[in-house]
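Structure, as structure tokens:
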Amino acid sequence: MALIDDTKSILADLIAFQTISVDGNLEMIAYIANCLQGVGARVAIYHDETATKANIFATLGPEGDGGIVLSGHTDVVPVADQAWTSDPFEMREEDGLLYGRGTCDMKGFIAACLAMAPAYAAMNLSRPLHFAFTYDEETGCIGATKLAQVLQEQGLAPAVAIIGEPTMMKIIEGHKGCYEYSTVFSGLEGHGSMPDRGVNAVEYAVRYVTRLMELGEELKGMAPKGSPFNPPWTTVQVGKLAGGHTNNVIPGHCEVAWEMRPVRASDADFVKNNLRIYCEEVLIPRMKAVSPDAGIEMTTIGEVVGLEPTSDNEARRIVSELTGVTEAEVVAFGTEAGIFQGIGMSAVVCGPGSINQAHKPDEYIAIEQLERCLDMLARLGGTLDAA
């Protein structure tokens, strides 16, 4: 059977695993482990604290440092309230496209890696080849962060990471970070006719958001010289402001969900420090003057570091040689690549499919894209085969 047929068959199996983050991924991890153990890979599985999710890290070839990591995430975003024209967890092929949740983001890449695994196992690999498939990328890259910690604790030092997020097989050498937060305002409810006797959580949330937007404007003037990103500065964005019940009741609770896309870590520190000072010196004292129990609490949902372009990048050089793509780009969306870069690996993002299809109803990947990915992976094996 041709590699593309193997890949399509494996992808159909992977799509059937409903690995929405809240539901866990253990069945899919067991399937991947079976595939890789079946060709002789050394497989390690690392569960999260709930024992409902896990990372898998598997190796073919020699022991030691300096290996190449093929990385992807197993979780997918929800399908609730999306208008799919077919079952999102049953792969459908039509006109050269494969439809299903996760086809491009990013089970297509994982399927291609698993389809290539038997060929890799038959080679005399000159350096370790690792497969790293994680949980909870869609909710803050939690799994990859945990896996990076494990690799450091165990003294494992791969040299290169290729993250197979959908890029239409373009080489991505940089992206901004993605920092997500929830800020909760606890006030004091009361009758709308006596606003001075209550602490209006919505009003304080609005003041907080106003300050956040002011900081966002300041960031526009702080863009690093020569920044390759669009826009070139760190951005802030409010995704949700929710509180209150009706017009004549002082709301006692409000939540603001917001994010930053930092160009550099110091910009994130700038925003958080200024917000902290504003809350501690202005907002909270006014709230507590009316109600000692009032307050503001900010929770970090996730702080996913960006991927920083570097002049010396072995991953970029390798993928360029494999694909023939000579130019590397930067993108707005985040990935796990910066996490691997943060523990000493060179990293790029390069994978099949378009990010424009990710997270949407009737998500799909073109078979042509999977064939191009398989070609890259096959060429990788050729460069590593010492036979």
Side-chain angles (χ1 to χ4, degrees), residues 1-7 10 32-45 55-72 108-134 147-148 150-152 154-165 167 169-173 310-326 328 336-337 340-341 343-352 370-387:
M1 184 180 290
L3 272 177
I4 188 60
D5 293 326
D6 289 342
T7 303
I10 293 169
I32 293 172
N34 184 64
C35 290
L36 293 174
Q37 287 172 334
V39 298
R42 304 182 294 278
V43 174
I45 296 174
N55 295 317
I56 186 168
F57 188 80
T59 304
L60 289 169
E63 300 278 0
D65 297 335
I68 296 175
V69 176
L70 300 175
S71 172
F109 178 75
I110 296 175
C113 291
L114 295 179
M116 278 298 307
Y120 290 145
M123 297 174 184
N124 181 22
L125 297 175
S126 58
R127 62 197 290 188
L129 184 61
H130 307 287
F131 304 83
F133 303 132
T134 61
L147 180 60
V150 169
L151 295 181
Q152 287 187 301
Q154 296 186 354
L156 298 174
V160 169
I162 301 170
I163 294 83
E165 290 276 10
T167 69
M169 297 304 297
K170 297 178 181 179
I171 300 173
I172 304 304
E173 65 174 350
T310 60
S311 57
D312 183 16
N313 187 330
E314 184 186 6
R316 182 183 60 217
R317 176 183 59 77
I318 289 174
V319 175
S320 178
E321 292 172 354
L322 298 177
T323 63
V325 177
T326 58
E336 297 171 331
F340 292 109
Q341 185 182 59
I343 59 171
M345 299 187 214
S346 67
V348 293
V349 186
C350 182
L370 287 177
E371 290 174 332
R372 288 181 60 187
C373 180
L374 287 168
D375 182 65
M376 178 186 75
L377 294 175
R379 289 174 183 271
L380 175 64
T383 66
L384 298 178
D385 190 358

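Quick note: numbers below take in every heavy atom, side chains included, and nothing from hydrogens, waters or symmetry partners. All residue numbers refer to positions in the sequence shown, counting from 1.
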Q: Might you point out which heavy atoms bring F131 and A117 nearest each other, and give the distance in Å?
A: CZ-CB, 4.3 Å
Q) Is any side-chain heavy atom of V348 closer than 4.5 Å to a side-chain heavy atom of Q341? A) no
Q.
For E314, give me all partners under salt bridge (charged side-chain N to carboxylate O under 4.0 Å, His left out), at least two apart in sequence or on another chain.
A. R127, R317
Q | salt bridge (charged side-chain N to carboxylate O under 4.0 Å, His left out) pairs, two or more places apart, involving residues 36-45 | A | R42-E63
Q: Considering non-hydrogen atoms only, spot the tightest contact between A132 and V69 and give its length.
A: CB-CG1, 3.7 Å
Q: Could you please spell out the steps behind the side chain to side chain contact (heavy atoms under 4.5 Å, CB included) verdict for S71 and I162?
A: CA-CA 6 Å; S71 172; I162 301 170; over 6 Å; no
Q) If you look at every heavy atom in N313 and A315, which pair is closest and at what distance? A) OD1-N, 3.0 Å
**Q.** Smallest separation among heavy atoms of L129 and L384, with atom names
**A.** CD1-CD1, 4.2 Å
Q | Sidechain-backbone polar pair: D65 side chain, A157 backbone, donor-acceptor under 3.5 Å | A | yes
Q: Could you tell me the separation between the SG atom of C113 and the CG atom of L377, rounded to the nearest 0.5 Å?
A: 5.0 Å
Q.
Are the side chains of I68 and P158 in contact, using a 4.5 Å heavy-atom criterion?
A. no
(Q) I'd like to check the side chain to side chain contact (heavy atoms under 4.5 Å, CB included) partners of P62; sequence neighbours left out, ordered by chain and number. (A) L125, P128
(Q) Tell me which pairs pass side-chain hydrogen bond (donor to acceptor under 3.5 Å, both in side chains) where either residue lies in residues 154-165, with sequence neighbours left out. (A) Y46-Q154, H73-E165
Q | Short side-chain to backbone donor-acceptor contact, S126 and A386, under 3.5 Å | A | no
Q: Mind checking side chain to side chain contact (heavy atoms under 4.5 Å, CB included) for V43 and listing every partner two or more places apart, or none if nothing turns up?
A: A33, L36, Q37, A41, I45, I56, A58
Q | V160 side chain near I318 side chain, heavy-atom distance below 4.5 Å | A | yes
**Q.** Listed partners of F57 passing ring pair (Phe, Tyr, Trp, His ring centres under 6.0 Å), at least two apart
**A.** H130
Q: Report yes if the side chains of L70 and F109 come closer than 4.5 Å at any heavy-atom pair, otherwise no.
A: yes
Q: With sequence neighbours excluded, tell me which residues meet salt bridge (charged side-chain N to carboxylate O under 4.0 Å, His left out) with R379.
A: D375
(Q) Looking at every heavy atom in both I4 and E371, which two are closest together, and how far apart are they? (A) CD1-CG, 3.8 Å
Q: Kindly indicate whether the side chain of R316, heavy atoms from C-beta on, has any atom under 4.5 Å from the side chain of S346.
A: no
Q | By side-chain hydrogen bond (donor to acceptor under 3.5 Å, both in side chains) - contacts of R372 (at least two apart) | A | none
Q: Only counting residues at least two apart or in another chain, list the ones meeting side-chain hydrogen bond (donor to acceptor under 3.5 Å, both in side chains) with T7.
A: none
Q: Would you mind listing every salt bridge (charged side-chain N to carboxylate O under 4.0 Å, His left out) that reaches into residues 110-126, with sequence neighbours excluded?
A: none
Q: Write down the atom of D385, the atom of N124, and the distance for their closest heavy-atom approach.
A: OD1-N, 3.2 Å
Q: Working to the nearest 0.5 Å, report the span between CD1 of I32 and CG of L114.
A: 5.5 Å
(Q) So T134 and E336, do their side chains get closer than 4.5 Å, heavy atoms only? (A) yes
Q: Please identify each residue that fulfils side chain to side chain contact (heavy atoms under 4.5 Å, CB included) with A122, with sequence neighbours left out.
A: none
Q) Given side chains that start at C-beta, do those of C350 and K170 come closer than 4.5 Å, heavy atoms only? A) no
